[in-house]
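Working notes, structure below.
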Amino acid sequence: MKYPLYILVFFVLICACKVKPQGLLSEKNSFTRLDTLRGSITPERAWWDLTYYHLDIEVNPSKKYISGKNTIKYTVLNANNSMQIDLQAPLKITKVTQDDKELKVIHDGNAHFVQLIKDQKIGNSESVVVYYKGNPKEAIKAPWDGGFSWKKDSNGNDFVATSCQGVGASLWWPCKDHMYDEVENMRISVTVPSNLMDVSNGTLESVEDHGTTKTYNWFVNNPINNYGVNVNIGDYTHFSEIYKGEKGPLKMDYYVLKDNLEKAKKQFKDAPKMMKAFEYWFGPYPFYEDGYKLVEVPYLGMEHQSSVTYGNKYMQGYLGRDLSGTGWGLKFDFIIIHESGHEWFANNITNKDIADMWIHESFTNYSESLFVEYYYGKKAAAEYVIGLRKTIGNKSTIIGQYNVNNEGSGDMYNKGGNMLHTLRQLVDNDEKWRSILRKMNKTFYHQTVTTAQIESFLITETGINLTAFFNQYLRDIKIPTLEYSIKNKQLKYRWANVVANFKMPLKVGVNTKNHWIYPTEKWQTLKLSNEKSILKVDVNFYVYHKEID
């Protein structure tokens, strides 16, 4: 996903003031029953397992209007006759059918409870068809607020796209709008004016020409999260290449506005470079069957699965800026690298609850520095990720509140990336670290996961008790501070500003020698050979240090 807006504001203003982080969702301290309906696995969701969607819609840009239907196939897990389908106002469900019989629907805010007539027998495969229409919410500052972006290109053609992370896919199509249950595969049919093209997820099966309109039929072969589904409509031109990847030939397709073709052919060379670096670090691209697409849109960009969207204006860095302030951020197109990194972390490994969105954003933030390392070396990568620390706010925790569709702090980006960079120092073995990242993508291949699962995996694979480490960086806002003094040829040190049982080892330099020390909250000592010794804490650890009398 894109960086939060506050980071861009920080670099535009070039000021030393603290900027309040802004996430995808509005900050909330209290929640309603409707938040619970949106963010929890309700009884009306839990009894059925989602298996297939066919989203079939027509988009009318001149009226900013959509209409159509979604066929939802599912397997019955437990007996129940009330099914929760989500769709956000002002869109309206016009009817729901099963076996061609219209069903009663009880509407409760954005949750709609379909009253099934047919006996739902455990193990059976069933389907419902949800018809809907209306003027969907228009995005004001996409992709942060979500909705449809109804824009025009420089030639006056309609240029339309969707983005809905956080606020949810039900912003524009009826679905089971919770991350825990990914559809196994889906078909996306989008009808648009005949002078335009729709680019969605997966592979293009066919195009139907109706004269004044055309229908583009796409098929997604792999499980996909709700917010990863997208519609992109424009006066596109297309070029492609075959990448020789770890699993064989991979089709890489690029869709851009016709006027930008030559710029795109130059700028999009970062895409195969990205693929080479990330397959090295994380393992095979997770969606070979669906290919990889980079699609120009009228907003900054988003990690839509196999249909990564791009709006970085063909600039290096983040809209021409280096977020790290080190110079390394101008060596690549930020949106191509960051949003594509989400194919491994967000689309392959997906959080079950948005409270655990750090799993998406922390690892993908860290992937930026790994890209730098692959091409420019370990020192450059370290400088990049350390340079991002200046934007960390430490005002609220990285993990949000569960079951109410509440994400954590925007610090999940740069603080999360620095947490992982610190963890790499503790592993202290680069090949082992790489093998852990690759095994993680293999172990949780096409799965939805919890923070607990990721923590348990990393504890097992590193062989380090990381319980307090994760409590410190994910569930607290304090940054560990090494307090120390040097007197009488003795280094005295301890951890301060830490959670219970925090015992993270730390690499320090004393004069010309490097040492591992093992601070706790209790004072410890280390004999020194020089009365005038100088202590330097390894900057690769995201900690503070303070000399005391």
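Counting begins at 1 with the first residue of the sequence. Remember, predicted model here, so these are calculated numbers, not experimental data.
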(request) Can you run down the side chain to side chain donor-acceptor pair (under 3.5 Å) pairs that involve residues 72-84, sequence neighbours left out, and say none if there aren't any? (result) Thr42-Gln84, Tyr74-Gln98, Tyr74-Gln120, Ser82-Gln115, Gln84-Asp86
(message) Strictly distance-based, threshold 3.5 Å: is any side-chain N or O of Trp344 a donor or acceptor partner for the main-chain N or O of Gly283?
(response) yes
(request) Of all the heavy-atom pairs spanning Tyr53 and Val183, show the shortest one and how long it is. (result) N-CG2, 3.6 Å
(message) Once you measure the plane-to-plane angle for Tyr180 and His178, does it fall in the parallel (<30°), tilted (30-60°) or perpendicular (>60°) bin?
(response) perpendicular
(request) Measure the shortest side-chain to side-chain distance between Asn501 and Thr467 over non-hydrogen atoms and say whether it is less than 4.5 angstrom. (result) no
(request) Would you check if the side chain of Asn403 reaches a backbone N or O of Thr36 as a donor-acceptor pair within less than 3.5 Å? (result) no
(message) Treating Glu58 as the side-chain partner and Thr191 as the backbone partner, does any N or O pair qualify as donor plus acceptor under 3.5 Å?
(response) no
(request) Classify the angle between the aromatic ring planes of Phe148 and Trp150 as parallel (below 30°), tilted (30 to 60°) or perpendicular (above 60°). (result) parallel
(message) I'd like to check the side-chain hydrogen bond (donor to acceptor under 3.5 Å, both in side chains) partners of Thr462; sequence neighbours left out, ordered by chain and number.
(response) none
(request) Evaluate the side-chain proximity of Leu437 to Leu370: yes if any heavy-atom separation is below 4.5 Å, no if none is. (result) yes
(message) Heavy-atom count check: over 12 atoms from other residues, nucleotides or ligands less than 6.0 Å from Lys439 NZ?
(response) no
(message) Here's a test for you: under side-chain hydrogen bond (donor to acceptor under 3.5 Å, both in side chains), which of His360, Glu182, His446, Gln447 qualifies with Thr350?
(response) Glu182
(message) Parallel, tilted or perpendicular, judged at 30° and 60°: which one describes the rings of Phe457 and Phe444?
(response) perpendicular
(request) Check Lys63 against Asn135 and note the closest heavy-atom contact, atom names and distance. (result) O-ND2, 2.8 Å
(request) State whether the side chain of Asp145 and the backbone N or O of Ile140 hold a donor-acceptor pair below 3.5 Å, judged by distance alone. (result) yes
(message) Please find the pair of heavy atoms, one from Leu87 and one from Lys92, that lie closest to each other, and give the distance.
(response) CD2-C, 3.9 Å
(request) Would you check if the side chain of Asn406 reaches a backbone N or O of Gly400 as a donor-acceptor pair within less than 3.5 Å? (result) no
(request) Report yes if the distance between the aromatic ring centroids of Tyr366 and Phe345 is under 6.0 Å, otherwise no. (result) no
(message) I'd like to know if the side chain of Asp35 reaches the main chain of Thr32, judged simply by a donor and an acceptor atom lying under 3.5 Å from each other, with no hydrogens or angles considered.
(response) yes
(message) Minimum heavy-atom separation for Lys151 and Pro298, please, with both atom names.
(response) CG-CB, 3.6 Å
(message) What I want to find out is whether Glu455 reaches Arg475 closely enough, with some N-O distance under 4.0 Å, to be called a salt bridge.
(response) yes
(message) To the closest 0.5 Å, what do you measure between NZ (Lys415) and CG (Asn394)?
(response) 4.0 Å
(request) Would you confirm whether Asn497, through its side chain, and Ile479, through its main-chain N or O, come within 3.5 Å as a donor-acceptor pair? (result) yes
(request) State whether the side chain of Ser362 and the backbone N or O of Met412 hold a donor-acceptor pair below 3.5 Å, judged by distance alone. (result) yes
(message) Quick one: does any side-chain atom of Glu343 pair with a main-chain N or O of Ser306 as donor and acceptor, under 3.5 Å?
(response) yes
(request) Kindly indicate whether the side chain of Thr451, heavy atoms from C-beta on, has any atom under 4.5 Å from the side chain of Tyr402. (result) yes
(request) Please report the shortest heavy-atom distance between Leu171 and Gly146, naming the atom on each side. (result) CD2-C, 3.4 Å
(message) Looking at Met179, is its backbone amide N or carbonyl O close enough to the side chain of Asn351 to form a donor-acceptor pair, meaning the two atoms are under 3.5 Å apart?
(response) no
(request) Check Thr397 against Ile477 and note the closest heavy-atom contact, atom names and distance. (result) N-CG2, 3.8 Å
(message) Regarding Lys101 and Asp99, does a basic nitrogen lie under 4.0 Å from an acidic carboxylate oxygen?
(response) no
(request) Report, as yes or no, whether the 6.0 Å neighbourhood of atom NZ on Lys137 holds more than 12 heavy atoms from other residues, nucleotides or ligands. (result) yes
